[in-house]
Number of protein chains: 2
Amino acid sequence: MTARVQWTDYDSATCSIARTLELVGDRWSLLLLRDLFNGVHRFDDLRGHVGVSRDVLTKRLAGLVDAGLVERRAYRVEGERGRASYHLTGAGKDLQPVLVALMAWGDRHLTGDEAPPARLEHVGCGGAVTVALACEEDHPVARRDVRLLPTESARRRTSRVSAASG
Amino acid sequence: MTARVQWTDYDSATCSIARTLELVGDRWSLLLLRDLFNGVHRFDDLRGHVGVSRDVLTKRLAGLVDAGLVERRAYRVEGERGRASYHLTGAGKDLQPVLVALMAWGDRHLTGDEAPPARLEHVGCGGAVTVALACEEDHPVARRDVRLLPTESARRRTSRVSAASG
DNA sequence: CCGCTAGGTCTGTATTTCGGACCCAGGGTA
DNA sequence: TACCCTGGGTCCGAAATACAGACCTAGCGG
């Protein structure tokens, strides 16, 4: 029977969420991106502020560079040695909504009575910035009004799950 | 000197992004939340679809329950054994924008020429759903127009970094 | 009371992370 | 020229995690 398409008929790993998490879904990558957004660009500064070991920092930065989220630049300040620095690419900057959403959630659910440890301000108006669901047609979108529809392109790549369910 | 407050003067771990990632910032938690959003609620179904080992699934579910993102419910279908199932709490559902943002990024940067493996549809209008930065005053917010301002409450809890920079 | 099944726990191995020692290159400076 | 300093790493052994898969258990139908 060709019943309605089920989410579980599709390979988890094909999903864009899974594929994105393969690049940034570890303990450190998103924190590094956060610091890169906030103007921390040098190896030792990242290490000191984020609190990651040198070893892991090297690997993560290499991974982010491979993934095209970060670029390594050599630069030199007049009269000093050449240095390396790390900067977000356009693709890296496109992850901003993920970070803002994580921050908004933490501000709402983890700060208790205190003021949140930092705020994102809309330059100009001064209002707090968060993220909101938005639809192409610019309607306001409530949480409930979202439906996930797996498409054919995912089905084709399905392996493990389709075999098990057959 | 009381120079302008620097991002690096604040303890990384106090940040709402870091604190949120302590709950969901590992390889599996967000994938589990994704499946819970999509109607997968039983232990074995989660294990099979997400592809996580039983061991780790047990630990992650326990962590998510501890964190208040997920609740465990015992239920029974007429004439069958009692079963356990896992459901998002309100706090868990509030992470939806994080997942949508990850998915939107993947759709944009990882799908190449093919159609994305799934789409989020706005029930009713049928348009695609993504996330957008939004400010309190409902202005449209461009990426650039966001400024991070650490607040005093973060400073107070600062430890490692303030000692090093003094 | 036997077998089946969902939901786990246990175990041994493989991988990752951690902290810290070490290394290297390229300036300044003497 | 030799030496020192510093940023940006690599290397190492110990500890923590993840993994696959075997095993356990509660309850229902037969």
Side-chain angles (χ1 to χ4, degrees), chain A residues 8 12-13 18 21-32 35-36 39-66 70-87 159-161 163-165, chain B residues 8 12-13 18 21-32 35-36 39-66 70-87 159-161 163-165:
Chain A
T8 45
S12 167
L21 287 175
E22 251 166 70
L23 306 181
V24 301
D26 64 274
R27 187 165 161 196
W28 298 114
S29 293
L30 286 168
L31 288 178
L32 292 174
D35 270 34
L36 292 171
V40 183
H41 296 292
R42 309 217 301 226
F43 189 94
D44 266 16
D45 290 344
L46 288 166
R47 198 190 65 74
H49 190 239
V50 174
V52 58
S53 72
R54 294 168 169 285
D55 216 358
V56 173
L57 178 55
T58 301
K59 275 186 221 157
R60 287 294 166 276
L61 285 172
L64 293 172
V65 168
D66 274 5
V70 168
E71 63 180 2
R72 188 179 194 279
R73 292 186 199 156
Y75 75 99
R76 66 180 306 167
V77 175
E78 181 63 29
E80 290 186 17
R81 292 176 45 197
R83 300 273 156 74
S85 66
Y86 296 87
H87 296 262
S159 53
R160 176 179 49 231
V161 175
S165 72
Chain B
T8 44
S12 168
L21 287 174
E22 249 165 74
L23 306 182
V24 299
D26 63 275
R27 188 167 160 195
W28 299 113
S29 293
L30 286 169
L31 289 178
L32 292 174
D35 271 34
L36 292 171
V40 184
H41 295 293
R42 310 216 303 225
F43 189 93
D44 267 16
D45 291 344
L46 289 166
R47 199 189 66 74
H49 190 239
V50 174
V52 58
S53 72
R54 293 170 168 285
D55 213 0
V56 173
L57 178 55
T58 301
K59 275 185 219 158
R60 287 295 166 275
L61 286 173
L64 293 172
V65 169
D66 273 6
V70 169
E71 62 180 5
R72 188 179 194 279
R73 292 185 200 157
Y75 75 100
R76 68 180 303 168
V77 175
E78 182 63 30
E80 289 187 17
R81 291 176 46 198
R83 298 276 154 75
S85 67
Y86 295 88
H87 295 263
S159 53
R160 175 179 49 232
V161 175
S165 71

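What you see below is based on every heavy atom in this structure, not just the backbone, and it leaves out hydrogens, waters and symmetry mates.
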Rounded to the nearest angstrom, tell me the gap between atom [atom1] in [X] and atom [atom2] in [N].
{"X": "A/Leu46", "N": "D/dG9", "atom1": "CG", "atom2": "P", "answer": "11 Å"}
{"X": "A/Leu61", "N": "D/dG7", "atom1": "CG", "atom2": "C1'", "answer": "14 Å"}
{"X": "A/Leu57", "N": "D/dG8", "atom1": "CG", "atom2": "P", "answer": "10 Å"}
{"X": "A/Tyr75", "N": "C/dG26", "atom1": "OH", "atom2": "C1'", "answer": "14 Å"}
{"X": "B/Arg83", "N": "D/dA26", "atom1": "CZ", "atom2": "C1'", "answer": "11 Å"}

Who are the side chain to side chain donor-acceptor pair (under 3.5 Å) partners of [X], not counting sequence neighbours?
{"X": "A/Ser85", "value": "A/His87"}
{"X": "B/Arg27", "value": "none"}
{"X": "A/Arg81", "value": "none"}

* Which is true for B/Arg47 with a 4.0 Å heavy-atom rule: it touches a base, it touches only sugar-phosphate, or it touches nothing? ->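 The residue B/Arg47 makes no contact with any strand.
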* **Nearest-0.5 Å distance that lies between atom CZ in A/Phe43 and atom OG1 in A/Thr58** =>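 If I round to the nearest 0.5 Å, the distance is 3.5 Å.
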Salt bridge (Lys or Arg N to Asp or Glu O under 4.0 Å) partners of [X], counting only residues at least two apart:
{"X": "B/Arg83", "answer": "B/Glu80"}
{"X": "A/Arg73", "answer": "A/Glu71"}
{"X": "A/Glu22", "answer": "none"}

Tabulate protein N/O versus nucleotide N/O from nucleotides 17-24 of chain D, keeping only pairs under 3.5 Å, one per line.
{"from": "D/dA18", "atom 1": "OP1", "to": "B/Arg60", "atom 2": "NH2", "distance (Å)": "2.5"}
{"from": "D/dA18", "atom 1": "OP2", "to": "B/Arg60", "atom 2": "NH2", "distance (Å)": "3.3"}
{"from": "D/dC19", "atom 1": "OP1", "to": "B/Arg27", "atom 2": "NH1", "distance (Å)": "3.3"}
{"from": "D/dC19", "atom 1": "OP2", "to": "B/Trp28", "atom 2": "NE1", "distance (Å)": "3.2"}
{"from": "D/dC19", "atom 1": "N4", "to": "B/Asp55", "atom 2": "OD2", "distance (Å)": "3.4"}

* To do: Please list all pairs passing the salt bridge (Lys or Arg N to Asp or Glu O under 4.0 Å) test where one or both residues lie in residues 48-62 of chain A, with sequence neighbours left out.
  =>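 Every salt bridge (Lys or Arg N to Asp or Glu O under 4.0 Å) pair that includes a residue of residues 48-62 of chain A, provided the two are not neighbours, is A/Asp26-A/Arg60, A/Asp44-A/Arg54.
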When you compare the protein's N or O atoms with those of nucleotides 27-30 of chain C, which come within less than 3.5 Å of each other, and at what distance?
{"from": "C/dG27", "atom 1": "OP1", "to": "A/Arg76", "atom 2": "NH1", "distance (Å)": "3.2"}
{"from": "C/dG27", "atom 1": "OP1", "to": "A/Arg76", "atom 2": "NH2", "distance (Å)": "2.3"}

* For C/dG7, does either OP1 or OP2 sit under 4.0 Å from a side-chain N or O belonging to B/Thr58? ->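 Answer no for this pair, as no side-chain N or O of B/Thr58 is under 4.0 Å from OP1 or OP2.
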